[in-house]
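So the structure is just underneath, and the comments pick up after that.
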Amino acid sequence: MRSEARFFKSLSDETRLKILWLLSGTEELCVCDIIDVLGITQSKASRHLRYLYHLGWVTDRRDGLWMNYRLCVPPGSPGEKLLKLLEELLAPQPEAQELRGQMVLCLETKRHTECAKRLKSSQKRSLQELPET
């Protein structure tokens, strides 16, 4: 039961709940997105994301200096069931809706910033590295 206790403990922190809520609303987020939306420090965001990573809630991907995170809960797992429950509980709450709205604005603004230019250039490099068929 130790792993189940750690699993539920991961949900007992408001910041981690907010991070999971934000990640459940998008495919992937950069740490900078989470910092902007939640108004927390980089170290606090990274600490909570590492905690979620070690418990198997999220996976990470490095892109130069930036770290990107996404949910990685296996289908049919207890984690997937808890995420669905979390979404059902949080969706009607005004604070949760506001966070999602802030995330949408943050991502829209990001399209026109240096972060977006970096993303586009890395995507071009990835396409150029594909073998020709």
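What you see is a predicted model, and the numbers here were worked out from it, not measured in a lab.
For D33 (side chain) and C30 (main-chain N/O), a donor-acceptor pair under 3.5 Å exists by modelled atom type. Remark: the backbone N or O of V73 is not paired with any side-chain donor or acceptor of S77 at under 3.5 angstrom. Between the S46 side chain and the S43 main chain, no donor and acceptor come within less than 3.5 Å of each other. At least one donor-acceptor pair closer than 3.5 Å links the side chain of E80 to the backbone N or O of G76.
Smallest separation of non-hydrogen atoms from M103 and L22: SD-O, 3.5 Å. Closest non-hydrogen pair, G56 versus C72, comes out as O-SG, 3.3 Å. Across every non-hydrogen atom of L49 and V31, the tightest pair is CD1-CG2, 3.9 Å. Nearest heavy-atom pair, L99 versus K18, reported as atom, atom and distance to 0.1 Å: CD1-CG, 3.7 Å. The two residues R70 and E27 make their nearest non-hydrogen contact at CB-O, 3.1 Å.
Counting heavy atoms from C-beta on, the side chains of V37 and L105 never come closer than 4.5 Å. The side-chain heavy atoms of K44 and R47, taken from C-beta on, include a pair separated by under 4.5 Å. Within the 4.5 Å cutoff, the side chain of L29 has heavy atoms near those of the L107 side chain. At a threshold of 4.5 Å between non-hydrogen side-chain atoms, the residues S24 and L71 count as touching. Inter-residue side-chain proximity for R61 and M67 is flagged as unmet; no heavy-atom pair is nearer than 4.5 Å. Taking 4.5 Å as the limit, some side-chain heavy atom of R16 sits within range of a side-chain heavy atom of L52.
Between the side chains of Q97 and Q93, no donor-acceptor pair is found at a separation under 3.5 Å. Side chains of R100 and T26: no donor on one and acceptor on the other come within 3.5 Å.
A ring-ring contact (aromatic ring centres under 6.0 Å, His included) check over residues 36-57, counting only residues at least two apart or in different chains, returns the pairs F7-W57.
A distance of 10.0 Å separates CG of L89 from CG of L17, quoted to the nearest 0.5 Å. Rounded to the nearest 0.5 Å, atoms CG (L85) and CG (L11) are 9.5 Å apart. A distance of 7.5 Å separates SG in C32 from CG in N68, rounded to the nearest 0.5 Å.
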Query raised in the report: Are I35 and T41 close enough, and set up right, to give a side-chain contact (heavy atoms from CB on, under 4.5 Å), and what steps lead you there?
Result: CA-CA 6 Å; I35 291 167; T41 64; over 6 Å; no
Query - Steps toward side-chain contact (heavy atoms from CB on, under 4.5 Å) verdict (Y69, I19) - result: CA-CA 10 Å; Y69 289 85; I19 290 171; over 6 Å; no
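Note on R50 versus D60: salt bridge recorded, some NZ/NE/NH1/NH2 to OD/OE distance being below 4.0 Å.
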